[in-house]
2 protein chains.
Amino acid sequence: MARLTCPSTAQASTPGGSATWPSRRHRNHSLKREVVVRAAARAFNAKGFHNASLDDIAAALGVSKPTVYYYVESKEQLLFECFQAGLERIRAGLREVEHSPRPGRERLDEVVRHYAEAVASEFGWCMVRAEDQDLGPELSLHIKKLKAEIDRGMRRLLDEGIRDGSIEPCDTKMTAFAMAGALNWIAHWYRENQPMTPAQVADKFVAVFEVGLLPRRTPA
Amino acid sequence: MARLTCPSTAQASTPGGSATWPSRRHRNHSLKREVVVRAAARAFNAKGFHNASLDDIAAALGVSKPTVYYYVESKEQLLFECFQAGLERIRAGLREVEHSPRPGRERLDEVVRHYAEAVASEFGWCMVRAEDQDLGPELSLHIKKLKAEIDRGMRRLLDEGIRDGSIEPCDTKMTAFAMAGALNWIAHWYRENQPMTPAQVADKFVAVFEVGLLPRRTPA
DNA sequence: CAAAAAACTTACTATTGAGTAATGTTTCGT
DNA sequence: ACGAAACATTACTCAATAGTAAGTTTTTTG
């Protein structure tokens, strides 16, 4: 069996050479750990959490199963990391527009675009199709908190948009649920070889959410 | 252990007393089979497909595992039946409005209401959260066909609504995907004890889809 | 170079859970 | 009542797979 290869050891941004920076060995360790997590994400994506064995994941990496356990403590942890990696991308999108001066609707659109890209990514499956049931109580609770934070963020943007007049008044709870559902579901049908890029899908969805089904009198 | 109890043996509609109608015993058999399938749906709903064992399902019914196998041939088949039961409710909604003279948008709204009720039902989980991965190629293909039929039905309604002027022109493929995603996702968050009924949720969703986020000039 | 730490391997254990064989017990038609 | 079909049980088999123990090779460092 081969060694675990690092992903193009591209000087993983060493900000301030601060006091106790992990030795080169340690940096390799965490880089390789990421490689393992990504391989797990792909395996879960392809076969589902329960149908993807750790042997599968190890084989995909060209290493043996205990090597995987050398980098990660359990299968549950592996799922958790994937979960978190996906959710983090959405949270980043929310943070990015947090203090923007633009109207609520434009900021919400921006968040939708980030959201769609995250869900269409290799971690999309884990965020969306993995069951909380497969995580223990502690990790499950942690994920729930992250999801709740995302929900709050979207509702706040809706609220602000309504207040600044860029969004039609509506039930923000149900609207946020509907939007999140539509976006999450992308993970079920989007595939790499799709003709549309995630960004294009996102734009289409923005249009659907914005316009609505009822005909609009085009202002002559 | 107790016997498997039939659900209020309410004369399961014996249409034409045709030649080879199964004896009363057989009618009991299929009734009990339904009971087993529903118990499976609840178990899958509560613990997920892989975490719910056939022993669990049997225990919930107060019988032993081989009794379950007396009514259904495999766990896969059990999942398939749940899947199908849920999808059938949606298809029924589509059929109901098929030859209605009403405008496209109103018919689509009606379908959305049926859809939401189906997804909020005990079979909702199976339709939405179960992986195709867990079904063999034949059954998986069958489910795919049913899902494709539902998708076609929704797109057709959108097309007809656009043609008759009751729906704003849009990308019908993406719009159908977004609507189906939002509706499917209901299965993830809706719980029996929710203050809102499925019908109320459906109405809220209809409003979200119809109105859109962009402010509408209220026609003075 | 040699000792020590890190990275991996082979070869296991142990559990879980789907599915079955053989057998016992109700219920029904006659 | 009584034989047969239907219904249900106990007690298994068997495969898959998460996780581990103990040892081997590679790399780093003094």
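Chain naming here is simple, since letters A, B, ... match the order of the sequence lines and numbering starts at 1 in each. Every value quoted in this text rests on a predicted model; they were computed, and no experiment measured them.
Following rounding to the nearest Å, B:N51 (CG) and C:dT15 (P) show an atom-to-atom distance of 19 Å. Put simply, CG on A:L61 is 14 Å from C1' on C:dA7, counting in whole angstrom units. With rounding to whole Å, A:R33 atom CZ is found 16 Å from C:dA7 atom C1'. The distance between atom CG of B:L54 and atom P of C:dT20, rounded to the nearest whole Å, is 11 Å. Here the C1' atom of nucleotide C:dA5 and the NE2 atom of A:H29 are 13 Å apart, to the nearest Å. In this structure, A:I57 places its CD1 atom 11 Å from P of D:dG19, rounding to the nearest Å. For the pair B:N28 CG and C:dT26 C1', the computed distance is 13 Å after rounding to whole Å.
Candidate nucleotides D:dA8, D:dA21, D:dC7 were compared by shortest atom distance to the side chain of B:S64, and D:dA8 ranks first. Comparing atom distances between the A:Y71 side chain and each of C:dT20, D:dC7, C:dC8 picks out C:dC8 as nearest. Picking from C:dA18, C:dT10, D:dG19 the nucleotide with the shortest atom distance to the side chain of A:K75 gives D:dG19. Closest to the A:Y69 side chain, of the nucleotides D:dG19, C:dT20, C:dC8, is D:dG19. Of the candidate nucleotides C:dA18, C:dT9, D:dG19, C:dA18 has the atom nearest to the side chain of B:S53. For A:Y70, taking side-chain heavy atoms from C-beta onward, the closest of the listed nucleotides C:dT9, C:dA18, C:dA6 is C:dA6.
Under the 4.0 Å criterion applied to side-chain N and carboxylate O atoms, B:R155 and B:D151 are assigned as salt-bridge partners. A salt bridge links A:E160 to A:R107: at least one charged side-chain nitrogen sits closer than 4.0 Å to a carboxylate oxygen. At a threshold of 4.0 Å, the pair B:R95-B:E88 counts as salt-bridged, since one of the basic side-chain nitrogens sits closer than that to a carboxylate oxygen.
Residue-level contact check: B:T67 touches the bases, meaning some heavy atom is under 4.0 Å from a base atom.
Note that CE of B:M174 is 12.5 Å distant from CG of B:L158, once rounded to the nearest 0.5 Å.
With hydrogens and angles disregarded, a donor-acceptor distance shorter than 3.5 Å links the side chain of B:S121 to the backbone of B:A118.
Counting atom types as modelled, B:K65 pairs a side-chain N or O with a base atom of C:dA18 as donor and acceptor under 3.5 Å.
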